[in-house]
Amino acid sequence: MDAVLAWALAQAAGTRWRELAEAYVSGATRVTFEGRTVEYRSRADMEAILRAGFNAENPQARRGPRISLGAGR
């Protein structure tokens, strides 16, 4: 989760990822961004959303190792 939080906190102030990360770190479950307020049920829900955002914005981070199999000739 450390890499995900670091990524989210590095976003511009006022963005949903930054606001969500700041709320998560502070222990709050209510987040307001772009004039909308969202109340999360738990920090686990917030963590799942942060991870989903990180994976969507950084598709290379979720890929596993690449393996090539030779033709065997």
Side-chain angles (χ1 to χ4, degrees):
M1 183 64 181
D2 291 338
V4 174
L5 277 176
W7 164 80
L9 291 170
Q11 303 302 308
T15 62
R16 70 176 145 177
W17 304 123
R18 172 81 178 259
E19 297 299 322
L20 182 57
E22 287 177 354
Y24 179 87
V25 169
S26 74
T29 55
R30 178 176 287 169
V31 181
T32 300
F33 64 93
E34 298 177 357
R36 293 183 276 177
T37 300
V38 178
E39 180 80 34
Y40 293 90
R41 291 180 291 194
S42 67
R43 287 176 40 92
D45 284 350
M46 295 170 76
E47 185 175 327
I49 297 297
L50 281 168
R51 284 186 191 280
F54 176 80
N55 289 334
E57 301 276 335
N58 300 286
Q60 72 281 2
R62 66 180 173 193
R63 290 187 189 139
R66 294 184 181 211
I67 299 172
S68 296
L69 301 176
R73 293 182 196 193

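For this chain, numbers begin at 1 and follow the sequence in order.
When every heavy atom of Trp17 is checked against every heavy atom of Ala8, the shortest pair comes out as O-CB, 3.5 Å. For the residue pair Ala23 and Ser26, the shortest heavy atom distance occurs at O-OG, 2.9 Å. Contact detail for Ala21 and Leu9: the closest heavy-atom pair is CB-CD2, 3.7 Å.
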Thr29 and Arg41: side-chain contact (heavy atoms from CB on, under 4.5 Å), yes or no, with the steps? CA-CA 7 Å; Thr29 55; Arg41 291 180 291 194; over 6 Å; no
Would Arg16 and Val38 count as a side-chain contact (heavy atoms from CB on, under 4.5 Å) if you check the C-alpha gap in whole Å, the side-chain angles of each, and the deciding distance to 0.1 Å? CA-CA 10 Å; Arg16 70 176 145 177; Val38 178; over 6 Å; no
Could you walk me through whether Tyr40 and Tyr24 pass side-chain contact (heavy atoms from CB on, under 4.5 Å), step by step? CA-CA 10 Å; Tyr40 293 90; Tyr24 179 87; over 6 Å; no
Let me see the working for Leu20 and Met46 under side-chain contact (heavy atoms from CB on, under 4.5 Å), right down to the final yes or no. CA-CA 7 Å; Leu20 182 57; Met46 295 170 76; 3.5 Å; yes
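Distance check, rounded to the nearest 0.5 Å: CZ of Arg30 to OG1 of Thr37 gives 7.0 Å. The CG atom of Asn55 sits 10.5 Å away from atom CD of Glu57, with the distance rounded to the nearest 0.5 Å.
Ion pair Arg43/Glu47 not flagged as a salt bridge, since none of the NZ, NE, NH1 or NH2 atoms sits closer than 4.0 Å to an Asp/Glu carboxylate oxygen.
The aromatic rings of Trp7 and Phe54 stand perpendicular to each other, their planes meeting at an angle above 60°, with 30° marking the opposite boundary.
At distances below 3.5 Å, at least one donor-acceptor pair connects side-chain atoms of Arg18 with backbone N or O atoms of Gln11.
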